[in-house]
Amino acid sequence: KDTLIDAAKVHFAHIARLHFVRRIVTRATSQWEDHDSVSEADFITLLGSGAFCLHWHAHGLSYGIPKTVETWLAQGDTVVFNCSRNVISQAKAQFPDVKVIRITASPSTLAARLKGRARDGDVQSRLERPAHLAADVKIDGTVVNDGDLSEAIAQFTQLLERLLQQTDAACA
């Protein structure tokens, strides 16, 4: 997902009021994920201070979307962020116009990518977790990121372009 989002940042760089939000994660910085890294203790402090508009726990890590999203939306700007499918219902409740882009990959592709990122410890648990969304979640578009990366990037940017004409927030 982050590779597609990174490509969209470049594609849409000319739009001043479009923000690609960096998640806060209790994982070390890596070349594969665009996030700000914090310790678990710092995350708890940030959470307690109200720094996040959305937060969740997955795979032994804590994730948060900074509250600055609310400021940008209040100014009429558009935001794009990568979030867990488990908080999409909450995102839709907080941001009624949110649109959801589901990015999928086959289990074999996902396993190969996770192993390539030195995440061997959680590969099996990630592959075994249910892939369904809450019943109230409407998917506004899907990108299957299994084959040629340039095709997935093109699909994602085209879909995002269409959705950006309709809304102020997109959760990928």
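All values below come from the heavy atoms of this structure, side chains included, with hydrogens, waters and symmetry mates left out.
Heavy atoms only, all atoms of each residue included: Leu159 and Thr142 are closest at CD2-N, 3.8 Å. The shortest non-hydrogen separation linking Glu161 to His11 is OE1-NE2, 3.7 Å. Closest approach of Ala8 to Phe156, counting heavy atoms only: CB-CE2, 3.7 Å. The shortest heavy-atom contact between Ser37 and Ala28 is OG-CA, 3.6 Å. Of all non-hydrogen atoms in Trp72 and Val79, the two that sit nearest each other are CE3-CG1, 3.6 Å. Residues Ala58 and Tyr63 approach most closely at O-CE1, 3.6 Å, considering heavy atoms.
With sequence neighbours excluded, no residue forms a side-chain hydrogen bond (donor to acceptor under 3.5 Å, both in side chains) with Glu151. Qualifying side chain to side chain contact (heavy atoms under 4.5 Å, CB included) partners for Ala7, counting only residues two or more places apart in sequence or in other chains: Ile153. Here Ser150 pairs with Asp148 under the side chain to side chain contact (heavy atoms under 4.5 Å, CB included) rule; sequence neighbours left out. Residues passing the side-chain hydrogen bond (donor to acceptor under 3.5 Å, both in side chains) test with His19 are Asp77, sequence neighbours excluded. Scanning for side-chain hydrogen bond (donor to acceptor under 3.5 Å, both in side chains) contacts around Gln90 gives Gln94, with sequence neighbours left out. Every residue meeting the salt bridge (Lys or Arg N to Asp or Glu O under 4.0 Å) condition with Lys67, not counting sequence neighbours, appears here in chain and number order: Glu70. Evaluation of the side chain to side chain contact (heavy atoms under 4.5 Å, CB included) rule for Thr71 yields Gln75 as partners, not counting sequence neighbours. Take Phe20 and apply the ring-ring contact (aromatic ring centres under 6.0 Å, His included) test, not counting sequence neighbours, and it matches no residue. Under the side-chain hydrogen bond (donor to acceptor under 3.5 Å, both in side chains) criterion, Thr157 pairs with no residue, sequence neighbours left out.
To the nearest 0.5 Å, atoms CG (Asp97) and CG (Leu73) are separated by 9.0 Å. Note: Arg102 CZ to Ile139 CD1 = 5.5 Å, rounded to the nearest 0.5 Å.
Looking only at side-chain heavy atoms (C-beta outward), Asn86 and Trp56 stay at 4.5 Å or farther from each other.
Residue Leu47 shares its hydrophobic cluster (ILVMFWY side chains chained together at separations under 4.5 Å) with Ile24, Val38, Phe43, Leu46, Phe52.
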query: What's the verdict on side-chain contact (heavy atoms from CB on, under 4.5 Å) for Leu4 and Leu149, showing C-alpha distance, side-chain angles and the deciding distance?
result: CA-CA 8 Å; Leu4 302 183; Leu149 182 58; 4.0 Å; yes

message: Evaluate Phe81 against Leu54 for side-chain contact (heavy atoms from CB on, under 4.5 Å), listing each step before the verdict.
response: CA-CA 11 Å; Phe81 54 86; Leu54 294 169; 3.8 Å; yes

task: Test side-chain contact (heavy atoms from CB on, under 4.5 Å) on Phe12 and Leu160 and set out the steps.
output: CA-CA 10 Å; Phe12 294 106; Leu160 187 54; 3.7 Å; yes

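For the pair Asp146 (side chain) and Ser106 (backbone), a donor-acceptor distance under 3.5 Å is present. Checking side-chain atoms of Asp140 against main-chain N and O of Ile101 turns up no donor-acceptor pair under 3.5 Å. A donor-acceptor pair is defined here as one N or O able to donate and one able to accept, closer than 3.5 Å; no such pair exists between the side chain of Thr26 and the backbone of Glu40. Without hydrogens or angle criteria, Arg23 side chain to Ile65 main chain gives no donor-acceptor distance under 3.5 Å.
For the side chain to side chain donor-acceptor pair (under 3.5 Å) criterion with Lys1, the lone passing option out of Asn82, Asp6, Thr104 is Asn82.
Within the structure, the side-chain hydrogen bond (donor to acceptor under 3.5 Å, both in side chains) test picks out the following pairs touching residues 42-55 (sequence neighbours left out): Ser39-Asp42.
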